[in-house]
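Got a structure for you, questions after.
Since this is a predicted model, take the numbers as computed values, not measurements.
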Amino acid sequence: MDAYGSIQVNGQLYLEHPAGHLLHSLGETIRGDLEMWREEDMAEFLPSPVGTNPGELMPVASAVTGEWVFLRVPDEPSSPWRVVVQEFDGPAWTLYEMTFSEWLLAYLKGRDVTLCSRDRAPDGPFWEFLP
C-alpha cells in the first residue's frame, strides 16, 4: 500500500492507504465507519464496542462479500493489536490472535481467516487500484 496507495485485493478486500489520498483517506473512512457502527443495530453483535479506546474495535477494512475487518485496540500499550472479522450478514465474528500483517498474509496465502481468497484468486493474489 505504501508503494501503490489504496487498493482492492483479489476483487474482494478494500484496503485504503493510511496517509490519506486525494480520493481515499483511511482516517476519514475510519471516522465515518465508527459513526456508522455506533448507530447500526449490528454493533450489538460485536464482542466489544467500536471506538479507539483500549479494548474497543476500530474498523479498518471491508469486503465486497459483506465482512468487516476490525483492529482490537490493546488494553495495554505494550500489548499487540488483534484482528476481529465480522460477517455483516449475521451475528458471527471471529477474533484472530495475530497482528493485521499476519492476518493479511494468511488471507493472501488462501488460508481461511473468515475472508477466503482461494475461490477469488485461484492463480494467486492480485490487486487493483480503488476507483
Among residues at least two apart in sequence or on other chains, which ones pass side-chain contact (heavy atoms from CB on, under 4.5 Å) with Ala63?
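Expected list: Gln12, Thr65, Glu67, Leu115.
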
One should read off an interatomic distance between Thr94 OG1 and Glu87 CD, to the nearest 0.5 angstrom, of 6.5 Å

Restricting to side-chain contact (heavy atoms from CB on, under 4.5 Å), what partner residues turn up for Leu95, sequence neighbours left out?
Arg82, Val84, Trp93, Glu97

For Glu102, all residues meeting side-chain hydrogen bond (donor to acceptor under 3.5 Å, both in side chains), sequence neighbours excluded
Thr99

Contacts of Asp75 that satisfy salt bridge (charged side-chain N to carboxylate O under 4.0 Å, His left out) - sequence neighbours left out:
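Result, salt bridge (charged side-chain N to carboxylate O under 4.0 Å, His left out) vs Asp75: Arg72.
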
Please check if any side-chain donor atom of Thr114 sits under 3.5 Å from a side-chain acceptor atom of Tyr96, or the reverse.
yes

Just verifying a value: how many Å separate Leu15 CG and Leu104 CG, rounded to the nearest 0.5 Å?
6.0 Å

For Ser48, what residues pass the side-chain hydrogen bond (donor to acceptor under 3.5 Å, both in side chains) criterion, not counting sequence neighbours?
none

When you look at Asp33 and Trp68, which way does the side chain to side chain contact (heavy atoms under 4.5 Å, CB included) test go after all the steps?
CA-CA 10 Å; Asp33 290 345; Trp68 282 78; 3.3 Å; yes

Co-membership, hydrophobic cluster, residues Val60 and Leu105, 4.5 Å side-chain:
no

Qualifying salt bridge (charged side-chain N to carboxylate O under 4.0 Å, His left out) pairs, either residue in residues 120-131, two or more places apart:
none

Taking side-chain hydrogen bond (donor to acceptor under 3.5 Å, both in side chains) as the test, write out the residues that go with Gln8, two or more places apart.
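Residues passing side-chain hydrogen bond (donor to acceptor under 3.5 Å, both in side chains) with Gln8: none at all.
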
Results of ring pair (Phe, Tyr, Trp, His ring centres under 6.0 Å) for Phe100 - residues two or more places apart only
Trp103

Of the non-hydrogen atoms in Pro80 and Pro74, which two are nearest, and what is the gap between them?
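Between these two residues, the closest heavy atoms are O-CB, 3.8 Å.
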
Quick one: CG on Leu46 to CD on Glu56, what's the gap to the nearest 0.5 Å?
11.5 Å

Go through the structure and list residues passing side-chain contact (heavy atoms from CB on, under 4.5 Å) with Arg38, not counting sequence neighbours.
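Leu34, Val50.
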
For Val113 and Ala106, which heavy atoms make the closest approach, and how far apart are they?
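Answer, listing the atom of Val113 first, then Ala106: CG1-CB, 3.8 Å.
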
Distance from Met58 atom CE to Leu71 atom CG, nearest 0.5 Å?
5.5 Å

Start with the C-alpha distance between Leu13 and Val69, add both sets of side-chain angles, then the distance that settles side chain to side chain contact (heavy atoms under 4.5 Å, CB included), and finish with yes or no.
CA-CA 9 Å; Leu13 180 64; Val69 180; 4.3 Å; yes

Would you compute the distance between atom CZ of Phe45 and atom CD of Gln86 and round it to the nearest 0.5 angstrom?
9.0 Å

Any chain of hydrophobic side-chain contacts (each under 4.5 Å) joining Ile7 to Phe126?
no

Could you work out, with side-chain contact (heavy atoms from CB on, under 4.5 Å) as the rule, every residue matching Glu35, not counting sequence neighbours?
Glu39

Only counting residues at least two apart or in another chain, list the ones meeting side-chain hydrogen bond (donor to acceptor under 3.5 Å, both in side chains) with Ser62.
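Ser62 satisfies side-chain hydrogen bond (donor to acceptor under 3.5 Å, both in side chains) with no residue once adjacent residues are dropped.
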
Using a 4.5 Å cut-off on heavy atoms from C-beta on, say whether the side chain of Val64 contacts that of Tyr14.
yes

From Asn10 CG over to Tyr107 OH, what is the distance, rounded to the nearest 0.5 angstrom?
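Asn10 atom CG to Tyr107 atom OH measures 4.0 Å (nearest 0.5 Å).
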
